[in-house]
Amino acid sequence: MRKSVLILTGILFVLVSACSTNPFTGEKNLNFVSNAELFPVAFQQYDQFLQENKVVTGTQQSAMVTKVGQKIKNAAETYFKAQGLSQSLEGYQWEYKLVQDPAVNAWCMPGGKIVVYTGIMPIAQDEAGLATVMGHEVAHALLNHGGQRMSAGTIQELGAVGVAAATSGKSETAQQLYQQAYGITTQFGAMLPFSRKHENEADEAGLILMAIAGYNPENAIAFWQRMEANSGGGAPPEFLSTHPSSSTRIRNIKGQIPDAKAAAAKFGVKF
C-alpha cells in the first residue's frame, strides 16, 4: 500500500509541476516535454518522410502551399512578438511541402515542418481554404500539442503502474479487470476528450493566424462544410473520436470568428 501511495503521489507531483502556457489564451496545460527534446526528433522524422514520399514542386498548388505557409508563419511571428513571446519560437525551422498523396490530410511537426497532401487541395479550393488548413496545423505546433500528448500518455502509463501496485494483492483475474477498467476509463474519459480539446484550441488559434495573415476567417466555415460533405457522414460518434464532429466544429468556429477578427484588427487587418 505504501508503494502505491508513493507512486500516486509522484504522479500528482508531475501533474502539478509540469505545465506550459497557451500563448493565445493564457491557460496552463500539462507539458513536461521541451522543444529541445522534441525538435530534433521531429526534424529527423520529417526528413525521413520526405525521402519516402513524392514531394510536388513547380506547380501552382505547390506554389500556393509555400505562399500561404509563409504568410501563416509571418502571422505567427507577428502575434508572438506582440505578446512578448518571440523566444517561444526559437529553434523553429519553417518548411512547407506539398506531397503527392490522395489522403485528405495535412500536418505540422513541432518546430514548423509542414506537409500538405494533394488529396486535401480540392477541398481547400483556394488560398483562404488552404489558410484554414495550415493555420490549424501550425496552431497545433505553436500550442505544443505534441508535447502535451506525449505528457498525457506518460501520465496514463504511470497511472497504470499505480493501479498495478494498488491491486498487487488481488487475483490475476481481478488485476486484469482493474487494468481494463482503467484503460477504458482513461481512454474515453480523458485521452479522447483531451484530443478533442486540442482540436478546438487549434481551430481557435488557427482562425487568429489566418486572419492576421489577411484571410477572412469566415472562409473557415465553408471549408469545414466541404470537409463534412467529403466525409459522407461516415465519421464515428464524437465521443469515440479524437476530433469533434463537423457540426460541433462549425458551431464553435462561428463563435470564434469575432475574436479572430478582433485579434487581426490590432495589427491593422480588417474585414
Side-chain angles (χ1 to χ4, degrees), residues 20-26 35 38-39 42-43 46-47 50 55-99 106-117 120-121 124-147 198 201-224 253 256-271:
S20 61
T21 302
N22 183 319
F24 293 90
T25 67
N35 287 343
L38 272 180
F39 286 6
F43 295 163
Y46 183 80
D47 290 340
L50 295 183
V55 177
V56 180
T57 60
T59 68
Q60 288 185 338
Q61 286 188 341
S62 65
M64 183 163 68
V65 167
T66 299
K67 178 182 179 181
V68 174
Q70 288 176 339
K71 293 179 74 172
I72 293 295
K73 170 246 188 187
N74 291 339
E77 292 179 342
T78 297
Y79 179 86
F80 273 62
K81 182 178 180 180
Q83 301 299 315
L85 297 172
S86 294
Q87 72 279 4
S88 298
L89 298 180
E90 290 181 3
Y92 268 70
Q93 298 179 17
W94 296 95
E95 197 170 338
Y96 334 94
K97 298 294 185 183
L98 178 65
V99 168
W107 42 264
C108 178
M109 285 280 197
K113 301 291 190 178
I114 303 165
V115 163
V116 177
Y117 292 7
I120 204 171
M121 296 301 288
Q125 291 188 354
D126 54 23
E127 285 190 29
L130 187 57
T132 303
V133 175
M134 298 183 78
H136 173 92
E137 299 303 335
V138 167
H140 275 307
L142 296 177
L143 292 165
N144 297 315
H145 284 166
H198 280 179
E201 288 179 349
D203 283 343
E204 186 172 12
L207 289 177
I208 292 173
L209 293 176
M210 70 178 292
I212 294 173
Y215 300 104
N216 192 330
E218 291 183 9
N219 286 290
I221 298 173
F223 168 79
W224 288 111
I253 286 174
Q256 294 162 352
I257 285 174
D259 287 340
K261 288 184 176 180
K266 294 178 181 179
F267 300 97
V269 183
K270 297 182 179 180
F271 303 98

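The first residue in the sequence is number 1, and the count goes up from there.
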S.K.: Looking only at heavy atoms, which two atoms of Val65 and Met134 are closest? And how far apart?
M.R.: O-CE, 3.6 Å
S.K.: Measuring from Lys261:NZ to Gln256:CD, what's the distance to the nearest 0.5 Å?
M.R.: 13.5 Å
S.K.: Pair Glu77, Lys73 - check salt bridge (charged side-chain N to carboxylate O under 4.0 Å, His left out), show working.
M.R.: CA-CA 6 Å; Glu77 292 179 342; Lys73 170 246 188 187; 3.7 Å; yes
S.K.: Out of curiosity, Asp259 CG to Leu207 CG, how far, rounded to the nearest 0.5 Å?
M.R.: 9.5 Å
S.K.: Quick one: closest heavy-atom pair of Met64 and Asp126, and the distance?
M.R.: SD-C, 3.9 Å
S.K.: Considering non-hydrogen atoms only, spot the tightest contact between Ala213 and Ala75 and give its length.
M.R.: N-CB, 3.8 Å
S.K.: On a heavy-atom basis, which atom in Ala106 and which in Val133 lie closest, and how many Å separate them?
M.R.: CB-CG1, 3.6 Å
S.K.: Parallel under 30°, tilted from 30 to 60°, perpendicular over 60°: which one fits the rings of Trp94 and Tyr96?
M.R.: parallel
S.K.: I need the minimum non-hydrogen distance between Cys108 and Gly112, along with the two atoms involved.
M.R.: SG-CA, 3.9 Å
S.K.: Please report the interatomic distance OG1(Thr132) to CH2(Trp224), rounded to the nearest 0.5 Å.
M.R.: 8.5 Å
S.K.: Would you please classify the geometry between the Tyr92 ring and the Phe39 ring as parallel, tilted or perpendicular, with 30° and 60° separating the classes?
M.R.: perpendicular
S.K.: Between Leu209 and Leu142, does the side-chain contact (heavy atoms from CB on, under 4.5 Å) criterion hold? Intermediate values first, please.
M.R.: CA-CA 11 Å; Leu209 293 176; Leu142 296 177; 3.8 Å; yes
S.K.: Any chance CD of Gln87 has more than 12 other-residue heavy atoms, nucleotides or ligands included, within less than 6.0 Å?
M.R.: yes
S.K.: Can you tell me how far apart CD (Glu127) and CG (Asn219) are? Round to the nearest 0.5 Å.
M.R.: 11.0 Å
S.K.: Atom NZ in Lys113, atom CG in Asp47: separation rounded to 0.5 Å?
M.R.: 6.5 Å
S.K.: Taking all non-hydrogen atoms of both residues into account, name the closest pair between Ala139 and Ala205 and its distance.
M.R.: CB-CB, 3.7 Å
